[in-house]
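For reference, the structure is listed below as structure tokens.
We're numbering straight along the sequence, starting at 1.
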Amino acid sequence: MRLTDTQRQTIQRIVHEEPPPLDDTARGGDIDLFVELDKPVEHPAQLSARLSVRIMRAMHGRKVDVLVSAPNLSEQTIHKLAREQGVRL
């Protein structure tokens with residue numbers, strides 16, 4: 001399932017309010033986002049949860065998974081896959 005332009009704009013607006021730049025969204029029934037930050041994040045799990053809930057509400061309950069990358073977080077294989085296979089918003 002693809003996202004409409006309005007859905008993409010809503011995701012971008014919500015993510016930029018947090019204020020991380022948005023990098024990725026995925027295919028299928030749920031939305032998978034990769035948020036890549038250029039500054040360290042103190043509480044990445046809290047940021048991920050806040051973004052997920054806000055976007056999920058804006059998308060009328062559609063499930064949203066948020067993966068965060070920041071200089072102070074360890075890099076994992078999933079981060080590399082998101083960069084290679086994701087669609088930049």
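- Atoms CD and CG, from Gln76 and Leu81 in turn, are 11.0 Å apart once rounded to the nearest 0.5 Å.
- No more than 12 heavy atoms of other residues, nucleotides or ligands sit less than 6.0 Å from atom CZ of Arg57.
- Atom CZ of residue Arg54 and atom CZ of residue Arg13 lie 7.0 Å apart, to the nearest 0.5 angstrom.
- Interatomic distance, Gln9 CD to Thr4 OG1, rounded to the nearest 0.5 Å: 8.0 Å.
- Remark: side-chain polar atoms of Thr10 are paired, donor with acceptor, to backbone N or O of Thr6 under 3.5 angstrom.
- Within the 4.5 Å cutoff, the side chain of Leu33 has no heavy atoms near those of the Asp65 side chain.
- Going from atom CZ of Arg62 over to atom CD1 of Ile31 covers 4.0 Å, rounded to the nearest 0.5 Å.
- The nearest pair of heavy atoms linking Pro40 to Ala70 is CA-CB, 4.4 Å.
- Taking CE of Met56 as the start and CG of Asp30 as the end, the distance is 9.5 Å to the nearest 0.5 Å.
- Ile78 and Phe34 fall within a single hydrophobic cluster, where Ile, Leu, Val, Met, Phe, Trp and Tyr side chains are chained together by heavy-atom contacts under 4.5 Å.
- The two residues Val64 and Ser52 come nearest to each other via the heavy atoms O-OG, 2.6 Å.
- Distance check, rounded to the nearest 0.5 Å: CD of Glu42 to CG of Leu47 gives 11.5 Å.
- The side-chain heavy atoms of Ile55 and Val15, taken from C-beta on, include a pair separated by under 4.5 Å.
- In this structure, Asp32 and Val66 have side chains that are not in contact, with every pair of non-hydrogen atoms separated by 4.5 Å or more.
- Minimum interatomic distance between Met59 and Ile11 (heavy atoms only, all atoms of both residues): CE-CG1, 3.5 Å.
- Of all the heavy atoms in His79 and Glu75, the pair that sits closest is CB-OE2, 3.1 Å.
- In Leu73, the CG atom is crowded: over 12 heavy atoms of neighbouring residues, nucleotides or ligands sit closer than 6.0 Å.
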